[in-house]
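Here's the structure, in structure tokens; my notes come after.
Letters go in sequence order (proteins before strands), and every chain restarts at 1.
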Amino acid sequence: MSEVDNESDVVGHRRRKLAALRDLGGAYPNAFRREDTAADLHARHGDAAKDALEAASVRAVVAGRVMLRRVMGKASFLTLEDPSGRIQCYLRRDEVGAETYQEFKDLWDIGDIIGVEGTLMKTNKGELTVQAGAVHLLAKSLKPLPEKYHGLVDQETRYRQRYLDLMVNEESREVFRVRARLIALMRRFFDERGYLEVETPMMHPIPGGATARPFVTHHNTLGVDLYLRVAPELYLKRLVIGGFERVYEINRCFRNEGLSPRHNPEFTTVEFYQAFADYRDLMDLTEELLGSLLDEIAGGRVLRFGDDELDFRQFARRTMSEAVGDATGKTPSEVADPEALAALARGLNIAVEPHWQWGRLLMEVFEARVEESLVQPTFITQYPAEVSPLARRSAADPRLTDRFELFVAGREVANGFSELNDPDEQAERFRAQAALKNRGDLEAMHYDQDFVTALEYGMPPTAGEGIGVDRLAMLLTNRTTIRDVVLFPQMRPAGSEEAT
RNA sequence: GGGUCGUUAGCUCAGUCGGUAGAGCAGCGGGCUUUUAACCCGUUGGUCCUGGGUUCGAGCCCCAGACGGCCCA
């Protein structure tokens with residue numbers, strides 16, 4: 001322990017108190033058992049009349065962290081917080097004993113974890129309170145809590161020391177309760193529909209399933225580099241080939257890209273696959289899923305998000321070409337013309353690469369001009385094949401695929417398509433991606449022979465989709481920063497030199 | 001990567017024209033047996049993010065850097 005030199009006065013005082021507590025027989029006992037929670041006591045007795053409650057002499061045994069203290073000479077009030085909420089406790093010297101009361105006054109602090117056994121009462125102001133018969137210090141807190149009224153505001157500290165944020169900011173706790181509920185509801189949704197929950201590898205010998213830069217790691221015994229997965233897609237499709245015709249996975253993906261209010265290098269998706277279905281079935285399913293999530297969590301299908309009111313009662317569906325045409329005022333034939341699109345892209349300050357074809361140009365213009373304007377839930381369909389190397393081509397136009405993405409509040413929330421199950425065409429698409437990679441495109445896909453081999457055994461016609469869980473959580477908790485919905489967001493190490 | 005704003009006591013924040021740093025809460029000492037952001041009296045506490053520079057003098061001005069927020073790419 002080398003912190004003695006630089007510890008603050010507060011910590012010094014508390015360490016002395018801790019030493020005194022140790023002398024008295026221990027400051028970290030583990031024998032106390034809570035019998036009642038704050039919320040439960042409020043629910044059962046919050047409405048009771050003062051006299052009736054005292055006449056009933058209801059025993060209560062609570063435990064939690066001391067959040068507030070109002071100390072008088074011979075009696076004190078404490079506000080105790082447990083995971084369910086807060087409950088006030090009342091300590092009278094004459095009831096807990098002079099020795100204990102003195103110990104409480106001298107050695108206990110805000111932030112300590114304590115247990116209180118006593119009887120329920122109501123104060124003159126009508127607040128339900130545990131009148132203590134016995135009190136126990138259960139864990140000494142050596143560090144001062146953030147300010148009792150303003151809480152912890154500093155965003156950097158809230159992210160770096162999330163436990164402090166959770167300790168003092170109820171809104172922050174609520175965000176993560178909603179997130180947990182969201183995930184539980186999604187599990188139930190897929191389980192009820194016969195999808196099998198599976199876990200596929202996080203470490204891939206060949207990164208695949210999305211166009212994104214991967215993290216690289218190394219397996220010592222095998223002597224090979226492995227990639228943290230950018231998507232589980234190719235493994236989930238192998239499972240469909242194996243006969244698990246409905247599968248889903250809720251877990252982390254990793255992408256080696258910048259940090260932003262919308263991007264954390266590790267993020268959570270739910271990805272699901274269903275044989276004998278196409279992308280339209282998945283759009284219907286997505287509407288059903290989001291609708292039911294909103295019903296359960298937001299209590300209805302209209303959601304307040306920032307200044308917007310998002311209406312999930314109806315989802316728009318438009319093709320990418322239509323959306324680009326509307327946003328740019330171009331005619332369908334202009335949108336279908338690579339030269340016109342290239343000119344449009346340059347006009348938007350997009351660094352157009354000479355090898356980009358029509359599809360890539362359309363996608364780039366879409367991302368630059370349309371994406372952010374899609375506030376109400378909107379499916380954009382018919383993505384170009386050039387930017388969709390795993391998706392099935394549209395029967396009507398081979399330049400397009402039966403793919404969609406869902407946008408809400410200007411953010412991509414879901415991406416799904418009818419799967420490409422022709423092994424020869426998949427091989428061809430991989431070759432095109434590999435060619436891009438050779439040109440230096442760090443996000444292009446690798447050629448995955450093992451996956452092509454799997455396809456050669458025959459994959460039933462299938463549709464698959466991924467939904468960004470963090471982004472859903474942001475929508476449902478009205479947060480504009482992914483860091484607010486990730487418990488421990490990635491941060492630059494404090495005070496480090498910048499890596500080159 | 002660029003722009004911009006921020007970083008001051010444990011926390012939340014002030015800090016005038018460049019003149020030697022403050023408040024509230026927390027802490028410490030005292031008082032108070034129904035308080036509730038308890039209250040009353042007294043009081044401790046500072047690497048003003050870091051490193052340079054300008055100046056008689058820098059929390060404040062200039063330069064570089066770190067970390068964070070926001071905007072853009």
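Using a 4.0 Å cut-off between a side-chain N of Lys or Arg and a carboxylate O of Asp or Glu, R179(A) and D470(A) qualify as a salt bridge.
Remark: the Q88(A) side chain and the U35(B) base include a donor-acceptor N/O pair separated by less than 3.5 Å.
The nucleotide G59(B) finds no pairing partner, because no Watson-Crick or G-U wobble arrangement with both distances shorter than 3.5 Å includes it. Pairing partner, A21(B): none, since no Watson-Crick or wobble contact has both distances short of 3.5 Å. Using Watson-Crick or G-U wobble geometry with both donor-acceptor distances under 3.5 Å, G1(B) finds its partner in C72(B). The partner of A14(B) cannot be assigned: no Watson-Crick or G-U wobble pair with both contacts below 3.5 Å exists in any strand. Across all strands shown, U7(B) forms a Watson-Crick or G-U wobble pair with A66(B), both key distances being under 3.5 Å. Nucleotide U35(B) has no partner under the Watson-Crick or G-U criteria, as no pair reaches both atom distances under 3.5 Å. Nucleotide U54(B): unpaired (no Watson-Crick or G-U wobble partner with both distances less than 3.5 Å).
Nucleotides of RNA chain B nearest to K50(A) and D106(A) differ in position, and the one nearer the 5' end is that of D106(A). Remark on RNA chain B: of its neighbouring residues G151(A) and E127(A), the 5'-side contact belongs to G151(A), judged by nearest-heavy-atom nucleotide.
To the nearest whole angstrom, the two P atoms, one in U50(B) and one in C11(B), are 15 Å apart. Across the C1' atoms, C48(B) and U8(B) are found 4 Å apart, a figure rounded to whole Å. The P atoms of U36(B) and C25(B) are separated by 14 Å, rounded to the nearest whole Å. Comparing U55(B) with G19(B), their C1' atoms sit 12 Å apart, to the nearest whole Å. U47(B) and G42(B) have their C1' atoms separated by 29 Å, given to the nearest Å. Here, G10(B) and C61(B) have their P atoms 24 Å apart, quoted to the whole Å. As rounded to the nearest Å, G15(B) and G29(B) have C1' atoms that lie 30 Å from one another. Straight-line distance between the P atoms of A21(B) and C49(B): roughly 15 Å, to the nearest whole Å.
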In B/S/- notation (B base, S sugar-phosphate only, - none; protein heavy atoms under 4.0 Å), nucleotides 37-47 of chain B written 5' to 3' is BB-----B---

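Between the R70(A) side chain and the L78(A) main chain, no donor and acceptor come within less than 3.5 Å of each other. Looking at R429(A), its side chain does come within 3.5 Å of a backbone N or O of S388(A) through a donor-acceptor pair. Remark: side-chain polar atoms of R471(A) are paired, donor with acceptor, to backbone N or O of E412(A) under 3.5 angstrom. For K50(A) (side chain) and K122(A) (main-chain N/O), a donor-acceptor pair under 3.5 Å exists by modelled atom type.
Checking U35(B), G68(B), C11(B) against the side-chain heavy atoms of P146(A) singles out C11(B) as nearest. Considering only side-chain atoms of T123(A), the nucleotide from U33(B), U35(B), G27(B) that sits closest is U35(B). Across G27(B), U33(B), C11(B), the shortest atom-to-atom separation from the side chain of D109(A) is found for G27(B).
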Side-chain donor-acceptor contacts of residues 108-120 of chain A below 3.5 Å, not counting sequence neighbours, with atom names and distances?
unit_1: D109(A); atom_1: OD1; unit_2: K17(A); atom_2: NZ; d: 2.6
unit_1: D109(A); atom_1: OD2; unit_2: K17(A); atom_2: NZ; d: 3.0
unit_1: D109(A); atom_1: OD2; unit_2: K140(A); atom_2: NZ; d: 2.6
unit_1: D112(A); atom_1: OD1; unit_2: K140(A); atom_2: NZ; d: 3.4
unit_1: D112(A); atom_1: OD1; unit_2: S141(A); atom_2: N; d: 2.9
unit_1: D112(A); atom_1: OD2; unit_2: D109(A); atom_2: N; d: 2.7
unit_1: D112(A); atom_1: OD2; unit_2: K140(A); atom_2: NZ; d: 2.8
unit_1: E117(A); atom_1: OE2; unit_2: H136(A); atom_2: NE2; d: 2.7

Let me check something: any side-chain donor-acceptor pairs from residues 351-363 of chain A under 3.5 Å, sequence neighbours excluded? List them with distances.
unit_1: W358(A); atom_1: NE1; unit_2: V335(A); atom_2: O; d: 2.8
unit_1: R360(A); atom_1: NE; unit_2: E364(A); atom_2: OE2; d: 2.8
unit_1: R360(A); atom_1: NH2; unit_2: E364(A); atom_2: OE2; d: 3.1

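Within the structure, salt bridge (charged side-chain N to carboxylate O under 4.0 Å, His left out) pairs that include any residue of residues 257-268 of chain A comprise R252(A)-E266(A) (at least two apart or interchain).
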Could you walk me through whether R229(A) and N251(A) pass side chain to side chain donor-acceptor pair (under 3.5 Å), step by step?
CA-CA 11 Å; R229(A) 71 179 186 191; N251(A) 220 319; 4.6 Å; no

Any chance you could lay out the side chain to side chain contact (heavy atoms under 4.5 Å, CB included) test for F407(A) and I380(A), step after step, and finish with the verdict?
CA-CA 8 Å; F407(A) 294 89; I380(A) 297 294; 3.8 Å; yes

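Rounded to whole angstrom, the span from the NZ atom of K122(A) across to the P atom of U36(B) amounts to 18 Å. The CG-P distance, from L107(A) to G29(B), rounds to 10 Å in whole Å. One interatomic measurement links the two molecules: CE of M167(A) to P of G10(B), which rounds to 18 Å at whole-angstrom precision. Following rounding to the nearest Å, D165(A) (CG) and C11(B) (P) show an atom-to-atom distance of 14 Å. Rounding to whole angstrom units, CG of residue D112(A) and P of G27(B) are separated by 11 Å. In this structure, CZ of R158(A) is placed 11 Å from P of U12(B), rounded to the nearest angstrom. Computed from coordinates, the Y101(A) OH to C32(B) P distance equals 10 Å when rounded to whole Å. With rounding to whole Å, D154(A) atom CG is found 10 Å from C11(B) atom C1'.
The phosphate of C67(B) (OP1 or OP2) has no side-chain N or O of R160(A) nearer than 4.0 angstrom. Within the structure, every side-chain polar atom (N or O) of R14(A) is placed at least 4.0 Å from both OP1 and OP2 of G27(B).
L152(A) comes within contact range of the sugar-phosphate backbone alone, with a heavy-atom separation under 4.0 Å but no base atom that close. No engagement by K105(A) is indicated, since no non-hydrogen atom pair under 4.0 Å with the nucleic acid exists. Contacts of G258(A) with the nucleic acid, taken as non-hydrogen atoms under 4.0 Å apart, are absent.
Partners of R86(A) according to the side chain to side chain donor-acceptor pair (under 3.5 Å) rule, which considers only residues two or more places apart in sequence or in another chain, are E81(A).
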Look for any protein N or O under 3.5 Å of an N or O in nucleotides 69-73 of chain B and output each such pair with its distance, or none.
unit_1: G69(B); atom_1: OP1; unit_2: R483(A); atom_2: NH1; d: 2.4
unit_1: G69(B); atom_1: OP2; unit_2: R483(A); atom_2: NH1; d: 3.3
unit_1: C70(B); atom_1: OP1; unit_2: T481(A); atom_2: OG1; d: 3.1

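Rounding to the nearest 0.5 Å gives a distance of 8.5 Å between OH of Y159(A) and CG of D165(A).
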